[in-house]
A.B. asks: 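The structure follows.
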Amino acid sequence: MELLEVYRYPEFLYPVIFAAKFKHVKNAGAIRERIVKAATMEGPEGDKERDAVNFSFINAKLITSPLHLQTAAVQALFAQSEETMRTKTLHSEIIWNLNPTNNITEAIKRYGVSNTMTDLIVMHIASWEREDVLERMRNVVDGELDLLANVSQITDWNTVMKASITLSVASRTMLNTMTHQHYKLDQEPAFKDITGRSPEERALIDNLVISSVAMKSIMA
């Protein structure tokens, strides 16, 4: 397996998605400060710095599988093609898609990079198959590359499960507003007593999370 995953969707204007996972990250706080500073820098220097950090920086512990990431990225590309993006960039749109609610500030706080983070996923969407993506990621992140396919081994399944229930309950409430029906996910047999400890339970949570991300643009 490659340390840099590449997904191709030729039907979109920006058809190439790059993703890499880093562990033992030492400079998460510095990355966060750099992103904030770059947003307000002016002139050529500002443009250069914004290009240097032009990625989605994602909390790896809240990602259940590579398909979870792909779904969020494809939804971002679809929103751009339909001119329905809720954020300013494709990279921030990915983070918005991952979050159970529509609050972008909350999405960045929950799924974006934080000062104490040690496991980080970096994504980049491009219009061509640029060969310098991994080098550019390494220039920003002080950490050790790891297989993205192994992301489920570090997933915080308890936190993910709580977030999934939040979105599922919200989605069901919206879908059933006209009939005034109410559902409680934790009372349904399929989800009751799930902890995320077994492979079967994790697969169920992963499917729920992916479905929730795919449905978010409809529910928003």
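Nothing fancy with the numbering, it's 1 onward along the sequence.
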A.B. asks: Supply the atom-to-atom distance Leu145 CG to Lys21 NZ, rounded to the nearest 0.5 angstrom.
C.D. replies: 9.5 Å
A.B. asks: I'd like to know whether Leu98 forms a side chain to side chain contact (heavy atoms under 4.5 Å, CB included) with His68, so could you lay out the CA-CA distance, the side-chain angles of the two residues, the decisive distance to 0.1 Å, and finally the verdict.
C.D. replies: CA-CA 8 Å; Leu98 291 169; His68 183 192; 3.4 Å; yes
A.B. asks: Roughly how far, to the nearest 0.5 Å, is the CG atom of Asn99 from the OG atom of Ser212?
C.D. replies: 11.5 Å
A.B. asks: Would you check if the side chain of Asn139 reaches a backbone N or O of Glu135 as a donor-acceptor pair within less than 3.5 Å?
C.D. replies: yes
A.B. asks: Would you check if the side chain of Trp96 reaches a backbone N or O of Arg86 as a donor-acceptor pair within less than 3.5 Å?
C.D. replies: no
A.B. asks: Around Tyr7, counting heavy atoms of other residues, nucleotides and ligands shown, do more than 12 lie under 6.0 Å from its OH?
C.D. replies: yes
A.B. asks: For a 4.5 angstrom cut-off between non-hydrogen side-chain atoms, does Val133 reach Val6?
C.D. replies: no
A.B. asks: Hey, quick one: are Tyr111 and Ile210 part of the same hydrophobic cluster, counting side-chain heavy atoms closer than 4.5 Å, chains of contacts allowed?
C.D. replies: no
A.B. asks: Would a distance-only check, ignoring hydrogens and angles, find a side-chain to backbone donor-acceptor pair under 3.5 Å from Asp51 to Asp47?
C.D. replies: no
A.B. asks: Just do the side chain to side chain contact (heavy atoms under 4.5 Å, CB included) check on Leu77 and Leu90 with the steps written out, would you?
C.D. replies: CA-CA 7 Å; Leu77 290 172; Leu90 283 169; 4.1 Å; yes
A.B. asks: Hey, could you give me the CG/CZ distance between Asn103 and Arg110, rounded to the nearest 0.5 Å?
C.D. replies: 9.5 Å
A.B. asks: Treat each ILVMFWY residue as a node, draw an edge where side-chain heavy atoms are under 4.5 Å apart, and state whether Val53 and Met41 are in one component.
C.D. replies: no
A.B. asks: Return the CE to CD1 distance between Met137 and Ile121, rounded to the nearest 0.5 Å.
C.D. replies: 10.5 Å
A.B. asks: Where do Phe18 and Glu129 come nearest, in terms of heavy atoms and distance?
C.D. replies: CZ-CA, 4.2 Å
A.B. asks: Are Met215 and Leu67 connected into the same hydrophobic cluster when the rule is that any two of I, L, V, M, F, W, Y join if their side-chain heavy atoms are below 4.5 Å apart?
C.D. replies: no
A.B. asks: Could you grab the distance from atom CD of Glu144 to atom NZ of Lys26, nearest 0.5 Å is fine?
C.D. replies: 9.5 Å
A.B. asks: How many angstroms lie between atom CD1 of Ile17 and atom CE of Met123, to the nearest 0.5 angstrom?
C.D. replies: 5.5 Å
A.B. asks: Counting N and O atoms only, with roles assigned by atom type, does the side chain of Asn97 sit under 3.5 Å from a partner on the main chain of Glu93, one being a donor and the other an acceptor?
C.D. replies: yes
A.B. asks: Could you check whether any side-chain N or O of His124 sits under 3.5 Å from a backbone N or O of Asn54, counting only pairs where one atom can act as donor and the other as acceptor?
C.D. replies: yes
A.B. asks: Does NZ or CZ of Lys61 fall inside the cone over Trp157's six-membered ring, less than 6.0 Å from its centre and within 45° of the axis?
C.D. replies: no
A.B. asks: Donor-acceptor pair, Asp146 side chain versus Phe22 backbone, under 3.5 Å?
C.D. replies: no
A.B. asks: Does a donor on one side chain sit under 3.5 Å from an acceptor on the other, for Thr89 and Ser92?
C.D. replies: yes
A.B. asks: Does Asp156 reach the main-chain N or O of Thr159 with its side chain, forming a donor-acceptor pair under 3.5 Å?
C.D. replies: yes
A.B. asks: Can you list the steps and then say if Leu120 with Val113 is a side chain to side chain contact (heavy atoms under 4.5 Å, CB included)?
C.D. replies: CA-CA 7 Å; Leu120 186 65; Val113 62; 4.2 Å; yes
A.B. asks: Go through the steps to decide whether Arg32 and Met117 satisfy the test side chain to side chain contact (heavy atoms under 4.5 Å, CB included), and finish with yes or no.
C.D. replies: CA-CA 10 Å; Arg32 184 175 180 275; Met117 188 175 297; over 6 Å; no
A.B. asks: For the backbone of Ala38 and the side chain of Glu49, can you confirm whether one donor and one acceptor N or O come within less than 3.5 Å of each other?
C.D. replies: no
A.B. asks: Using every non-hydrogen atom in the two residues, find where His91 and Ile125 come nearest and quote the distance to one decimal.
C.D. replies: NE2-N, 2.9 Å
A.B. asks: Can you give me the closest heavy-atom contact between Gln80 and Leu13, atom names plus distance?
C.D. replies: OE1-CB, 4.4 Å
A.B. asks: For the backbone of Ile63 and the side chain of Thr155, can you confirm whether one donor and one acceptor N or O come within less than 3.5 Å of each other?
C.D. replies: yes
A.B. asks: Are Leu3 and Val140 connected into the same hydrophobic cluster when the rule is that any two of I, L, V, M, F, W, Y join if their side-chain heavy atoms are below 4.5 Å apart?
C.D. replies: yes
A.B. asks: Is Pro66 close to Val151 at the side-chain level, that is, under 4.5 Å between some pair of heavy atoms?
C.D. replies: yes
A.B. asks: Taking C-beta and beyond as the side chain, do Asn150 and Gln153 meet within less than 4.5 Å on heavy atoms?
C.D. replies: yes
